[in-house]
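These values consider heavy atoms only, across backbone and side chains, with no hydrogens, waters or symmetry-generated copies. Atoms within each ligand, like the ligands themselves, are counted from 1 in listed order. None of the values given here were measured: they were computed from a predicted structure.
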Amino acid sequence: MSHAFRKVPILDWKLIETGHKADFISQLRDALVTCGFLYLQHPPVDPELTRRVKEYAPKLFELPSEKKLALRMSNSPHFLGYSSLGSELTKGTVDQREQFDFGTQVECKWKPGDLDYLKLWGPPQWPAEDDIPGFRSTFSAYLSQVEALSEELTELISEALGLGPHALDVFFDNPKRAMQHRSKIVKYPLRDGKDQGVGPHYDSGFLTLLLQASDHRGLQAQDPLGEWIDVPPIDDTLVINVGKGLEMVTQHVAVATSHRVISPVAGVQSSPRYSIPFFQTIRQDIKLPDFVLRVPSDVLALRDARGSIGKSESVNYSEYDREPTGKVALIGRVKSHPDVAERHYPNLFKLYFPDAA
Ligand SMILES: O=C(O)CCC(=O)C(=O)O
Ligand SMILES: [Fe+2]
């Protein structure tokens with residue numbers, strides 16, 4: 001028997017800042033087990049920085065088309081850059097969104113002869129400073145604060161699972177800041193019908209920290225009974241959700257939840273929706289089944305009391321069973337962005353799109 005969650009829980013970071021960590025951890029455990037989604041209210045990210053990042057989002061898409069296309073993702077073996085409307089697939093269906101993929105700043109370590117997935121991390125394509133003054137430094141400062149928050153959250157999650165605060169360190173490189181986390185700025189334009197902004201999917205890594213950058217509904221999470229639950233924007237919050245990687249290493253105690261975005265409807269809404277997810281990545285070189293955590297039995301009992309998770313139509317990440325995490329991430333990118341794959345990973349492109357001309 002599974003339980004519906006109906007509403008996404010709201011956790012207040014002020015509990016951490018005012019010495020109520022135990023309460024926060026207990027609410028966190030509950031959210032991880034039952035929902036896999038939560039709002040984090042009053043996150044430790046400078047509100048002024050968040051405000052400026054939100055303000056930049058529409059401006060980025062107002063750049064002239066030729067400037068956007070000069071940053072097209074197919075320039076980049078790292079799958080970083082601009083994707084025009086309709087160029088991305090979720091489970092074979094076109095998503096109605098336009099986006100810029102960025103990441104924390106790293107150099108590409110790949111050299112000829114290395115494994116192909118090592119090419120996945122590398123420098124983002126930034127717009128020219130003159131075209132959008134202050135954007136790069138503002139967004140980089142935001143990413144750095146969200147990255148720090150993601151690190152704090154992984155420690156709290158570890159404690160919520162009854163493990164020491166450092167039990168999840170094994171999933172990150174040392175130093176952590178040598179890793180590339182990804183983030184993107186997404187625009188969902190107005191559509192005429194009930195269009196797929198982004199189709200039902202799970203996130204692949206550990207945690208996603210999402211800033212809803214405009215006042216639109218549209219994001220929905222699927223509860224275990226298959227119902228789509230609204231996750232509307234709430235002021236001064238980030239939406240945090242569990243990815244398939246975290247679910248797997250916690251023996252499915254923390255649950256990855258399928259989610260989607262319905263496009264804003266012309267006539268009902270008057271402007272596009274914007275959002276800014278930050279995807280926390282994990283070390284590229286390990287196979288997750290080799291690193292499953294020894295979660296204590298009282299916490300496993302919470303999972304068992306929750307019951308099984310309903311099957312859904314979402315994209316899944318069965319490759320985790322046999323491939324290192326870096327390869328799983330690369331395969332995910334190949335499936336979503338075939339044009340980039342065709343240019344930079346022709347063998348994988350042929351494997352996943354055998355019918356392409
Ligand atoms: O735009 C959103 O609110 C969610 C986007 C999302 O789920 C994703 O890009 O993985
Ligand atoms: Fe997602």
the protein heavy atom lying closest to atom 9 (O) of ligand 1 turns out to be R97 NH1, 3.1 Å
Note: ligand 1 atoms sitting under 4.0 Å from heavy atoms of F279 are 8 (C), 9 (O), 10 (O)
If you scan protein heavy atoms around atom 5 (C) of ligand 1, the nearest is Y188 OH, 3.5 Å
Practice prompt. For R260 and ligand 1, answer yes if some heavy atom of the residue is under 4.0 Å from a ligand atom, otherwise no.
Written response: no
The single option from P189, P264, P233 that satisfies side chain to side chain contact (heavy atoms under 4.5 Å, CB included) with R273 is P264
Honestly, for V239 the part within reach of ligand 1 (heavy atoms, under 4.0 Å) is neither
shortest atom 8 (C) of ligand 1-to-protein heavy-atom contact is with H201 NE2, 3.6 Å
Out of S275, A213, G243, P200, the nearest non-hydrogen contact to atom 2 (C) of ligand 1 is supplied by S275
### Query
Does some side-chain heavy atom of S214 sit less than 4.5 Å from a side-chain heavy atom of Y274?
yes
The protein heavy atom nearest to atom 4 (C) of ligand 1 is V261 CG2, 3.8 Å
For D203, the N, O or S atom at the shortest distance from the Fe ion (ligand 2) is OD1
> Is there side-chain contact between V265 and L190, with heavy atoms separated by less than 4.5 Å?
Replying inline: no
ask   = Could an N or O of ligand 1 be found under 3.5 Å from any N or O of H259, whether backbone or side chain?
value = yes
So the atoms of ligand 1 within less than 4.0 Å of a heavy atom of K184 turn out to be 9 (O)
### Query
Do the ring planes of F135 and Y56 sit parallel (below 30°), tilted (30 to 60°) or perpendicular (above 60°)?
perpendicular
Under 3.5 Å: donor-acceptor pair, side chain of H201, backbone of G199: yes
**Study point:** ligand 1 contacted by L210 (non-hydrogen, < 4.0 Å)
**Key:** yes
Inset, instruction - State, without any angle test, whether W126 and Q105 hold a side-chain donor-acceptor pair at a distance under 3.5 Å. - result: yes
Check: Are side-chain N/O atoms of Y82 and E98 paired as donor and acceptor at under 3.5 Å?
Finding: yes
Nearest heavy-atom contact between P296 and L163 is CD-CD2, 4.1 Å
The angle formed at the Fe ion (ligand 2) by NE2 of H259 and NE2 of H201 is about (to 10 degrees) 90°
Could you check whether any side-chain N or O of D195 sits under 3.5 Å from a backbone N or O of G197, counting only pairs where one atom can act as donor and the other as acceptor?
no
Nearest non-hydrogen protein atom to atom 3 (O) of ligand 1, with distance, is R273 NH2, 2.8 Å
